[in-house]
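Below, chain A is the first sequence line, B the second, and so on; all start at residue 1.
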Protein chains: 2
Amino acid sequence: MSPRNTDVSEQVQALCPLVQVMGDIADKWTIGILVATAHGPIRFTELERAVNGISRRMLTLNLRKLERDGLLTRKVYPTVPPKVEYTATPMAMELYDSLVGMTSWAEKHRAAIAAARASYDAHRAAAAVAS
Amino acid sequence: MSPRNTDVSEQVQALCPLVQVMGDIADKWTIGILVATAHGPIRFTELERAVNGISRRMLTLNLRKLERDGLLTRKVYPTVPPKVEYTATPMAMELYDSLVGMTSWAEKHRAAIAAARASYDAHRAAAAVAS
DNA sequence: CGGGATCCCAGTCGATACTG
DNA sequence: CAGTATCGACTGGGATCCCG
């Protein structure tokens, strides 16, 4: 075995596919990409604009990851200039419903969350002064 | 303006609270913690075991983040030894339904995902040999 | 147009040790 | 028990250049 015991966590990952899968889905960009692709085939540059603030590199990386997981299909049209379309698979469409639930929840409660943060920060600032 | 144009993304973050909120929720550990806390008050060490593979540090960090966002309440019992309970707020309970949807989706499709990965990797390995 | 390859910094994470 | 503090390793992710 490896001298580093870092692989304890690797073993956990191996034993728990759920964590593995969720770790892939529940990442900063994946949700946005999935939501963007769920409305039908979409091109690379369209995605780049659709997913607020993502870089070309991260978009590519995430698209590959999702393609690998079988959530997206990549269709290349050998034209000039090239054209590539990404489409959500049925499996991804199933997930999409839960995703919509999350985003609508976020939209509904974002004001409350902002308020909670402000309150929390104010409280901690006061505590810092008192110290 | 700053010489670096890195802060373009910072501006995007500021303009889009949704991305901000989702970035917090859709992280590797948050989902697990939320699911674990949704079943009633739960103690720190119980959480540590419940959330598969999380380190003590990350647990603390995430708990603070969720508390700040108003999703968790932290109740301290000044006993010896100390006892701290974390409870999901109503807002978090609303989110919980979508979370369950995601995890059950993951559980349902994890085999298909594993197969897709294997197929994808095999395909790429073959392509590498052919090069 | 849709990437791949490389560089590199900043932040994040895990391991470990210490504390009330 | 429930954290905090510190440190080093790793990596996410932007910038940049290039290619079919």
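- Distance A:L59 CG to D:dA15 P: 15 Å, rounded to the nearest Å.
- Among the protein residues, B:R43 comes within range of the sugar-phosphate backbone only, with heavy atoms under 4.0 Å from sugar or phosphate atoms but none that close to a base.
- Between B:E46 atom CD and D:dC1 atom P the separation is 10 Å, expressed in whole Å.
- Between A:I33 atom CD1 and D:dG13 atom P there is a gap of 11 Å when expressed in whole angstrom units.
- Residue A:R56 places none of its side-chain N or O atoms closer than 4.0 Å to OP1 or OP2 of D:dA15.
- A salt bridge does not link B:D27 to A:K28: none of the charged side-chain nitrogens sits closer than 4.0 Å to a carboxylate oxygen.
- Counting heavy atoms from C-beta outward, B:I54 and B:L47 have side chains that stay 4.5 Å or more apart.
- Spacing between atom CZ of B:R74 and atom P of D:dC1 amounts to 16 Å, rounded to whole angstrom units.
- Sequence order on DNA chain C of the closest nucleotides to A:R57 and A:P81 puts A:P81 first from the 5' end.
- Ionic pairing of B:D24 and A:R117 is present here: one or more N-O contacts between side-chain nitrogen and carboxylate oxygen are shorter than 4.0 angstrom.
- Place A:P82 and A:L61 on DNA chain D by their nearest nucleotides, and A:L61 ends up nearer the 5' end.
- Going from atom NZ of A:K65 over to atom P of D:dT11 covers 14 Å, rounded to whole Å.
- Counting any heavy atom pair closer than 4.0 Å across all strands shown, A:Y86 reaches sugar-phosphate atoms only and no base atom.
- A straight line from CZ of A:R124 to P of D:dT4 spans 8 Å, rounded to a whole angstrom.
- Rounded to an integer number of Å, the gap from CD1 of A:I54 to C1' of C:dG2 is 14 Å.
- One interatomic measurement links the two molecules: OH of A:Y77 to C1' of C:dC1, which rounds to 15 Å at whole-angstrom precision.
- Taking 4.0 Å as the cut-off between side-chain N and carboxylate O, B:E94 and A:K108 count as a salt-bridged pair.
- Checking the phosphate oxygens (OP1, OP2) of D:dG13, no side-chain nitrogen or oxygen of A:S55 falls inside 4.0 Å.
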